[in-house]
Number of protein chains: 2
Amino acid sequence: TMNSGVRKSVLLYGLLGGALIALLKAIEYRYLVVDHSVEIYGGLVALAFVSLGIWLGLRITGRTELVIVREVSVPATAPFTLNEAKLAAIGMTRRELEVLELIAEGLSNHEIAGRVFLSENTVKTHSKRVFEKLAATRRTQAVQLGKELGLIP
Amino acid sequence: TMNSGVRKSVLLYGLLGGALIALLKAIEYRYLVVDHSVEIYGGLVALAFVSLGIWLGLRITGRTELVIVREVSVPATAPFTLNEAKLAAIGMTRRELEVLELIAEGLSNHEIAGRVFLSENTVKTHSKRVFEKLAATRRTQAVQLGKELGLIP
DNA sequence: CAAATCCTCGCCCGAATGGATGATTTTGCC
DNA sequence: GGCAAAATCATCCATTCGGGCGAGGATTTG
């Protein structure tokens, strides 16, 4: 058991050592090796194993990124998106919605007619349909319901 | 310069090696050392440096805390706080504000009268004052202005 | 093409609302 | 207690609004 571990290590540093020797030879450092062969060899081997250890250490621990998600509450003025579903569900047309919006702005039928270039009677017809579809009997009520349904801001 | 680095390494593994040898002696592994001294010694040194490397690797990386700040758009139903300042600025009374709130809910004067136990005429008087102070001529307009001024939700 | 839907406009009538004015009672405060 | 502000109620009148009914034209869709 321990024997195999030792043999593996021996094989490993033997190979590394051989490689290093070859490298040193190649770059003409032979004289150094001759002079201080043991120190140089040992030092380089130590350096190599330290590097290996560092690599292993980084490898086995993986990226221990501690992810902290900090959620910040933002006031967020809901930008208002028209509730198309509700719009279709109650069968309200674009023109009717447009009239409802103008009613919500506080305009009279006469003013709305002037704004969208319609006769006052037409505006009355549209508002009438709006009331029917919203089940309202007053414009203030229609506005309230329209807001609740997300049809107007 | 390089000399000092090498000397340091030599000193380091020299000391470590000595310590290991002492350790081995103490635990009666001398016969092994005698037989395969070079292999055992090198292997143990390699093991030591690998351990050092692993320790270093873990040390230098530390725990990288990755903080992610996520802006969560809270529905933020602004709890609505009555704008007392505006209220006082335009001189609107509590009763008048109450009537304005009910108008905003879509109630008729008759319904409001029933709700707050007033005669319809009184409700009309209050709503009239509300219109004066808001410079409105219609209840839908008064509601719109009231919302803008922060008098009603 | 025919049917359906939407948009447009008109008329009538009753109910609701807005505006003006006045009066009495209640309430808060000095 | 007395004053000022607020709240209450009323009447008259004009305008607006809501509801019912009808109808013609434009656009889309089967």
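In what follows, chains carry the letters A, B, and so on, assigned in the order in which the sequence lines appear, proteins first and then strands, with residues in each chain numbered from 1.
Shown here are the side-chain contact (heavy atoms from CB on, under 4.5 Å) partners of B/Q141, two or more places apart in sequence or in another chain: B/A136, B/T137, B/R138, B/L145. With sequence neighbours excluded, the residues satisfying salt bridge (charged side-chain N to carboxylate O under 4.0 Å, His left out) with B/E98 are B/R95. Partners of A/E101 according to the side chain to side chain donor-acceptor pair (under 3.5 Å) rule, which considers only residues two or more places apart in sequence or in another chain, do not exist here. For B/T122, the side-chain contact (heavy atoms from CB on, under 4.5 Å) partners are B/L118, B/S119, B/H126, not counting sequence neighbours. Residues passing the side chain to side chain donor-acceptor pair (under 3.5 Å) test with B/E105, sequence neighbours excluded: none.
If you check residues 98-115 of chain A against DNA chain C, you find no residue with a heavy atom closer than 4.0 Å. For residues 131-153 of chain B, proximity to DNA chain C is found at B/F131, B/T137, B/R138, B/R139, defined as any non-hydrogen atom under 4.0 angstrom from a strand atom.
Residue pairs satisfying the salt bridge (charged side-chain N to carboxylate O under 4.0 Å, His left out) criterion with at least one member in residues 121-135 of chain B, sequence neighbours excluded, are listed as follows: B/E96-B/K133. For residues 84-94 of chain A, the pairs satisfying salt bridge (charged side-chain N to carboxylate O under 4.0 Å, His left out) are A/E84-A/R94, with sequence neighbours left out.
Counting only heavy atoms from C-beta outward, the side chains of B/L134 and B/L151 approach each other to under 4.5 Å. The shortest side-chain heavy-atom distance between A/I152 and A/V143 falls under the 4.5 Å cut-off. Contact of the A/L87 side chain with the A/L97 side chain is registered, since non-hydrogen atoms from C-beta on lie closer than 4.5 Å.
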Identify each atom pair where a protein N or O and an N or O of nucleotides 7-10 of chain D are less than 3.5 Å apart, giving names and distance.
from  : atom 1 : to     : atom 2 : distance (Å)
D/dA7 : OP1    : B/R95  : N      : 3.3
D/dA7 : OP2    : B/T93  : OG1    : 2.4
D/dT8 : OP1    : B/R95  : NE     : 3.1
D/dT8 : OP1    : B/R95  : NH2    : 2.7
D/dT8 : OP2    : B/R95  : NE     : 2.7
D/dT8 : OP2    : B/H126 : NE2    : 2.8
D/dC9 : OP2    : B/S119 : N      : 2.8
D/dC9 : OP2    : B/T122 : OG1    : 3.0
D/dC9 : O5'    : B/T122 : OG1    : 3.2
D/dC9 : N4     : B/T125 : OG1    : 2.9

Please list, pair by pair, any protein nitrogen or oxygen found under 3.5 Å from a nitrogen or oxygen in nucleotides 25-30 of chain C.
none

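Note that CG of A/N121 is 6.5 Å distant from OG1 of A/T125, once rounded to the nearest 0.5 Å. From A/L107, atom CG reaches atom CZ of A/R115 across 5.0 Å, with rounding to the nearest 0.5 Å. If you take CG on B/N109 and CD1 on B/I103, they are separated by 6.0 Å, rounding to the nearest 0.5 Å. The distance from the CG atom of B/L100 to the CZ atom of B/F131 is 8.5 Å, given to the nearest 0.5 Å.
Scanning both residues, A/E111 and A/G106, for their nearest heavy atoms gives OE1-O, 4.2 Å.
Rounded to 10 degrees, the angle separating the terminal helix axes of the helix from C/dC1-D/dG30 to C/dC30-D/dG1, each built from five base pairs, is 60°.
One atom, NZ of A/K124, and another, P of C/dA15, lie 15 Å apart when rounded to the nearest Å.
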